[in-house]
Amino acid sequence: MFPSYESFKQRADTIREQIAVACTKVGRDPSTVELLAVTKTYPAAAADYAERYGLRAVGENRVQEAVEKQPQCTGKIQWELIGHLQSNKAKLAATHFDRVQSVDSEKLLNQLELAAAALGKTLPILLQINAGRDPAKFGAEIEDAPRLLAAALGKTHLRVDGLMTIAPLATDPAVAAGTFATLRTLRDDLAARFGVPLRELSMGMSSDLELAVLAGSTQVRVGSALYGSRS
Ligand SMILES: *Cc1c(COP(=O)(O)O)cnc(C)c1O
């Protein structure tokens, strides 16, 4: 059942505490880890909760779902696209999202650049990398990341904030930990090689957020731990 605001707030406080504990273990400042509330499949009120709690942004994985919810939300919370984007929806995505995290091909880069230019805006993006080499996941291959980044940096209407990944579904926590370490190393290598900060590392979800923070995540994307299971 969709929670009351009070119970959402308790859950959010608990997650903030989990993030703080993980940060302490590795000497990080908890304010360097953002909590992104993933509102997919939940009512539009989920975004209002996030805003009331003081979060900057929510994540949605389908363009159409966000387009339907946005008019029902009166606040100024930002919307980030975290799900796979087909290039024929690039224009709609560039119109309705403040950042697109799921950029994984040059074709998509080209379409987003055209769309952002037509809108007269600079669109922040993340490059989604399949750091866990999971055949069931979208995201560019690790080996293709340099080429994709070079192409992205050449776009005048896109701003590359960093990288995003989704760990493979696995019972062994070493799989997620390894995936996050891989993304972190890739970011460090690319940042040095291209001379760009790539500050954002979007990694970690309800089930693996502590491991992600230990590995350097700057944004955990959390849905079910905030709003309850999706049925
Ligand atoms: C759904 C989703 C999340 C949140 O997953 P939870 O397990 O509900 O926390 C995070 N990232 C992406 C890309 C998602 O699609």
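Residues take their numbers from the sequence shown, with the count starting at 1. Quick caveat: nothing in here was measured; it's all calculated off a predicted structure.
A118 pairs by the side chain to side chain contact (heavy atoms under 4.5 Å, CB included) definition with nothing, not counting sequence neighbours. Under the salt bridge (Lys or Arg N to Asp or Glu O under 4.0 Å) criterion, R28 pairs with no residue at all, not counting sequence neighbours. For E106, the salt bridge (Lys or Arg N to Asp or Glu O under 4.0 Å) criterion is met by R147, not counting sequence neighbours. Evaluation of the salt bridge (Lys or Arg N to Asp or Glu O under 4.0 Å) rule for D134 yields K137 as partners, not counting sequence neighbours. For S31, the side chain to side chain donor-acceptor pair (under 3.5 Å) criterion is met by D29, not counting sequence neighbours. The side chain to side chain donor-acceptor pair (under 3.5 Å) search around D189 returns none, not counting sequence neighbours. The salt bridge (Lys or Arg N to Asp or Glu O under 4.0 Å) search around E143 returns R133, not counting sequence neighbours. R199 pairs by the side chain to side chain contact (heavy atoms under 4.5 Å, CB included) definition with T218, not counting sequence neighbours. K25 is linked by a side chain to side chain contact (heavy atoms under 4.5 Å, CB included) to V21, L214, counting only residues two or more places apart in sequence or in another chain. Every side chain to side chain contact (heavy atoms under 4.5 Å, CB included) that L119 has, sequence neighbours left out, goes to A94, T95, K121. Applying the ring pair (Phe, Tyr, Trp, His ring centres under 6.0 Å) rule to Y49 yields the partners F2, Y5, F8; only residues at least two apart in sequence or on another chain are considered.
Among residues at least two apart or in separate chains, salt bridge (charged side-chain N to carboxylate O under 4.0 Å, His left out) pairs with a member in residues 71-97 are E51-K76, R56-E80, E80-R99.
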Derivation and outcome, side-chain contact (heavy atoms from CB on, under 4.5 Å), residues V63 and L81: CA-CA 7 Å; V63 177; L81 182 63; 4.0 Å; yes
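Side-chain atoms of Q101 and E200 include no donor-acceptor pair closer than 3.5 Å. Residues R221 and S202 have side chains that bring a donor and an acceptor to within less than 3.5 angstrom of each other.
With respect to E60 and K69, a salt bridge is recorded, a charged nitrogen being found less than 4.0 Å from a carboxylate O. Note on K9 versus D13: salt bridge recorded, some NZ/NE/NH1/NH2 to OD/OE distance being below 4.0 Å.
In this structure, the separation between CD1 on I129 and OG1 on T179 is 13.0 Å, given to the nearest 0.5 Å.
For the residue pair A47 and C73, the shortest heavy atom distance occurs at CB-SG, 3.8 Å.
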